[in-house]
Amino acid sequence: MKTVRTLHTFRRRRTALLAVTGLTAGLLLTSPEPASAANLVKNPGFEADGTDGMPYCWERSGWGDNDFTFTTTSDAHSGGKAMKVELTRRVTGDRKAMFTESTGCAPVVTPGKQYDLGVWYKSTTPDTAVTLFRHDTTAGWQYWTDLKTLDMSASWARASVRTPEVPAGTDMITWGVSVYGTGSVTTDDYTMEQVPDPLPPPQCTGTADQCANGGWQVLPTQNPVRSMHSVVLDNGKVLLIAGSGNSEENFAAGTFTSAVYDPSSGSYQVIPTPKDMFCAGHVQLQDGRVLVMSGNKAYPVAGGHGYEGFKDSYIFDPATETYTRTNDLNDGHWYPSATELGNGDVITFGGLREDSTGSVTTDYWSDKDQQWLPTWKVNQTWSYWGLYPSMILMQDGRLFYSGSHVFGNNIPGTGSAVYDYNANTITQIPGLQNKDERDQSAGVLLPPAQDQKVLTVGGGNIDSNPDANRLTDIIDLKQANPQYVAGPPLPQGTVDLGNGPVAETGNQGKMYVSTVLLPDGKVLETGGALHNRANPVHESSIFDPNTTTFAPVAADPEARGYHSSAFLLPDGRVMATGDNPGNGTWNHNVSIYSPPYLFKGTRPTITSLIDSRWTYGTTQRITVDRPIAKAELIRPAAVTHSSDPNQRFVDLPLSVDGNNVDLNVTSNPNLAPPGWYMLFAVDANGVPSVAKWVHLQGPAALSASTPSAHVHSFADSPTGRTTGPGSKRTSQRVSPAISGCDRHYGSVNVCVPTVFPPEVERTTAARCAWLQQNDYGRLTVNGKDDPLGLDPNRDGMACGKGDVSKSRGLR
């Protein structure tokens, strides 16, 4: 008796997967073709019949709204049979023939290994992709990735592609050619062979400690500006934006600065800056210029307004190193998000308005029009997303709010959500741990972007000022109903509590976290502090998405708390800048981290790049000087305040012919929004080349008649609460103390915390001792109010001798 898997379609909010499966066991009409010693595919030429109209060990698969046929045809490459899959009508989804998902038919694989796949084909449509599924020993069968788009061909042609390394926990895979546009693909003579290990184990070229943990170097030349915004430009230089640099003196004097750092020479060029871009938003446009939105209109006034955000917007041109003004935003956005969409447009949320209330206006930059669109042309939810909300573009064009943000509590609800701009709906996503203590955590789309997994790291809360935490969360947006699950705790380091570094204890972690995507497919997390602008934590570790583990590495010797950034350079090193503690000082020292992969032997070299201008769905050839295991595009950083929602690592599946390597570019611009990317080639030991710059073309590369990109139905059935737009309103009320600073003491540069760390006793003496330990110096009292009880003798000077002698318990 044969076993046939039941076919059905799930009715969901979004089009869901329709798996059309076939024979798993049954009577064969002819003898099956066994897999050869090298070829892992059973019945690779469809010569052995099964039942249900499909060859032995093959099944129908696909999803979406389309009309299709599966036909065994005599028009074969070899033998007497081939498989033809045709779509005659297509609205969504795809169809494909694949190896049956069973232990008797699906090829067995080894985690960490790669496999070369080959197929002979004819195609009447450009809308195809080699699609892989994998069997997880815990979770079962699941979509893995798309590897290669096939060129149209009227005669038999062979396509080959190499898989990424097989993920941990995978014991079998299946694959086939997806058709997602009208037309047909006929396939025959499939092959699958394990790639032999191409390199001996790495030979350490540094010290044992460097090879295990990497190493930091503090550069001899300091950063000349108080920069808190870092953008890696398409010429390899780094734009460092300070504006007033969180200095009231600079603001009053109109001294607004930026600098361009050249890693090749170690030099800085200070750039005239037209406005106070302190705590603005920024994003790289697809042509490589940098769009800077809003900034600081006014510093807070004790007992009055808080920070104010202006409506001005500018573009920085790397070629001329100058700023030019665009049209204005519709609202002020001090501390806004900035996310590039798959069509090259930019969307921004949150921040503070010109009256220091919270902005509920969504602003939208049109790449075609090169301007901000008027409010009435932009979908509005009238929702307040907070400050620097981490809004990550998903593979279907929706936005995932990771829950990472800046200042105080998270948004109401679960603290994480999916925003669908076209439908103008917000769906809450559950599972984020301790969502109101994720202030200045980091949220990052893990490598590769095709996997659609997001990691959050650490965080705190400047309003309540607890010890920052060790929490991490991971979400798989491929799941129909995605939810965060707890990740491994952050490793602990040392913390300076005012008397020198001591080991962290209990659940102490860090906020002000920087996360950096590395070319070996891992993530460096570095920097941080235990409390609001105080108590730097020295700890760095590397997260491996494949094993879901952190490995502690060498820590940055410099304090990297508030207003610090870390980011990847094109040579594979990491640059770290800034630190702005509560006493108002600034760390101008710059650190450079060389990850362990730079001490593991000679680096591969990309010896030629035929074309640096790439279009979606194409194959691009490079040559290398020796074998490589993978290649990827990494979007250059545009980071501030632990936030770079555009940071992403896009896998480029390989087809290898000696030193010639063909790279297969995704057909989906939501996975890799248009613009300039760093191209790395990486060997089997994880050692990367120096990057080459390539430009991924935007909407002009996609005609209006082209079917939508090969988008899978991820996150199609979230069960969280979904809401549409609320009532139109002007703003969200926000406390003037939103930055966690009590402006009744010292200059506006100084941040005396509104709430002291939990270990500080609630007495004048204890608070003043903490301020002295953290180098706050003399603090004048602004006005007559003394809300923190630091001036009990009321002489207008906080924490004087008379104040400490009159120390009293405080509420």
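Predicted, not measured: the structure shown is a model, and the values here were computed from it.
Between the side chains of N409 and N461, at least one donor-acceptor pair of N or O atoms lies under 3.5 Å. Looking only at atom types and distance, the side chain of H712 has no donor-acceptor partner in the side chain of D396 under 3.5 Å away. Between the side chains of S564 and D579, no donor-acceptor pair is found at a separation under 3.5 Å. A donor and an acceptor atom, one from each side chain of D473 and Q433, are located under 3.5 Å apart. Judged by distance alone, the side chains of E558 and N587 do bring a donor and an acceptor atom under 3.5 Å apart. For the residue pair D345/N343, the side-chain donor-acceptor check at 3.5 Å is satisfied. A donor atom on one side chain and an acceptor atom on the other are not found under 3.5 Å apart for R438 and S402. At a cut-off of 3.5 Å, with distance as the only test, a side-chain donor of S313 or W372 sits close to an acceptor on the other residue. Defined by atom type and a distance below 3.5 Å, a donor-acceptor pair is present between the side-chain atoms of Y299 and S244. Looking only at atom types and distance, the side chain of Q732 has a donor-acceptor partner in the side chain of R729 under 3.5 Å away. Side-chain atoms of D436 and N410 include no donor-acceptor pair closer than 3.5 Å. Remark: the T425 side chain and the D420 side chain contain no N/O donor-acceptor pair separated by less than 3.5 Å. Donor-acceptor pairing under 3.5 Å is lacking for the side chains of R635 and Q647. Checking T547 against T549 by side-chain atom types alone, a donor-acceptor pair falls below 3.5 Å. Side-chain atoms of S441 and S404 form a donor-acceptor pair, as typed in the model, at a separation below 3.5 Å. In summary, the side chains of R721 and T427 do not present any donor paired with an acceptor at a separation below 3.5 Å, with no hydrogens or angles considered.
For the pair N580 (side chain) and H563 (backbone), a donor-acceptor distance under 3.5 Å is absent. The main-chain N or O of S337 is found under 3.5 Å from a side-chain atom of T348 such that the two form a donor-acceptor pair. Side chain of S383 to main chain of W385: no donor-acceptor pair is present (N/O by atom type, distance under 3.5 Å, no hydrogens or angles). No donor-acceptor pair closer than 3.5 Å links the side chain of S541 to the backbone N or O of P491. At distances below 3.5 Å, not a single donor-acceptor pair connects side-chain atoms of D544 with backbone N or O atoms of K522. Remark: the backbone N or O of G487 is not paired with any side-chain donor or acceptor of Y484 at under 3.5 angstrom. Q142 places no side-chain N or O within 3.5 Å of a backbone atom of A139 that could act as its donor or acceptor partner. Panel note: side chain Q492, backbone G506; a donor-acceptor pair is recorded below 3.5 Å. Not a single donor-acceptor pair under 3.5 Å links the side chain of N670 to the backbone N or O of M394. Between the side chain of E632 and the main chain of D520, no donor-acceptor pair closer than 3.5 Å is present.
Contact of the T730 side chain with the W382 side chain is not registered, since no non-hydrogen atoms from C-beta on lie closer than 4.5 Å. Side-chain contact between L399 and L393 is present, with heavy atoms from C-beta onward closer than 4.5 Å. Using a 4.5 Å heavy-atom threshold, the side chains of R533 and S739 count as touching. At a threshold of 4.5 Å between non-hydrogen side-chain atoms, the residues T362 and I347 count as touching. No side-chain heavy atom of V537 sits less than 4.5 Å from a side-chain heavy atom of N535. Here the side chains of Q440 and V513 are not in contact, with every heavy-atom distance at 4.5 Å or above. Taking the side chain as every heavy atom from C-beta outward, W144 and T170 never approach each other to under 4.5 Å. The shortest distance between side-chain heavy atoms of R226 and F278 does not fall below 4.5 Å.
Note on R353 versus D355: salt bridge recorded, some NZ/NE/NH1/NH2 to OD/OE distance being below 4.0 Å. A salt bridge links D136 and R134; the closest N-O separation between the charged side-chain nitrogens and carboxylate oxygens is under 4.0 Å. Using a cut-off of 4.0 Å between Lys/Arg side-chain N and Asp/Glu carboxylate O, K478 and D476 are scored as not salt-bridged. Using a cut-off of 4.0 Å between Lys/Arg side-chain N and Asp/Glu carboxylate O, D276 and K297 are scored as not salt-bridged.
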Residues N481, T719; criterion side chain to side chain donor-acceptor pair (under 3.5 Å); working and verdict: CA-CA 6 Å; N481 182 25; T719 56; 3.2 Å; yes

side-chain contact (heavy atoms from CB on, under 4.5 Å) evaluation trace for R560 with S565: CA-CA 8 Å; R560 300 293 180 203; S565 295; over 6 Å; no

Verdict with supporting geometry, F400 and I429, side-chain contact (heavy atoms from CB on, under 4.5 Å): CA-CA 9 Å; F400 175 62; I429 300 297; 4.3 Å; yes

Full working for side-chain contact (heavy atoms from CB on, under 4.5 Å) between R398 and N422: CA-CA 8 Å; R398 290 178 291 171; N422 291 325; over 6 Å; no

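When all heavy atoms are compared, the tightest approach of Q428 to P430 is O-CD, 4.0 Å. Taking all atoms of both residues into account, the shortest heavy-atom contact from P674 to E340 is O-OE2, 2.9 Å. Residues A672 and V650 approach most closely at CB-CG2, 3.9 Å, considering heavy atoms. For the pair P669 and G342, the tightest heavy-atom approach, listed with the atom from each and the gap, is CB-O, 3.3 Å. What you find for N668 and Q395 is that their closest heavy atoms are ND2-O, 2.8 Å. E354 approaches E308 most closely through the heavy-atom pair O-CD, 3.1 Å.
For D363, there are no salt bridge (Lys or Arg N to Asp or Glu O under 4.0 Å) partners, not counting sequence neighbours. Listed by chain and residue number, Y335 satisfy the ring pair (Phe, Tyr, Trp, His ring centres under 6.0 Å) test with F407 (two or more places apart in sequence, or in another chain). Residues forming a salt bridge (Lys or Arg N to Asp or Glu O under 4.0 Å) with E525 (at least two apart in sequence, or on another chain): K510.
Rounding to the nearest 0.5 Å gives a distance of 11.5 Å between OG of S540 and CZ of F550. In this structure, the separation between NE2 on H531 and CE on M511 is 9.5 Å, given to the nearest 0.5 Å. From Q284, atom CD reaches atom CH2 of W676 across 11.5 Å, with rounding to the nearest 0.5 Å. If you take OG1 on T505 and CD on Q508, they are separated by 4.0 Å, rounding to the nearest 0.5 Å.
In summary, the aromatic rings of Y401 and Y419 are positioned with their centroids too far apart to meet the 6.0 Å limit. Ring-centre distance between Y421 and Y364: below the 6.0 Å cut-off.
Using cut-offs of 30° and 60° on the angle between ring planes, the pair H641 and Y562 is perpendicular. By the 30° and 60° cut-offs, the orientation of the rings of H229 relative to H282 is perpendicular.
For N424, the CG atom sits in a packed shell: over 12 heavy atoms of surrounding residues, nucleotides or ligands are nearer than 6.0 Å.
Test L518, D556, L569 against V574 for side-chain contact (heavy atoms from CB on, under 4.5 Å) and you get one pass: L518.
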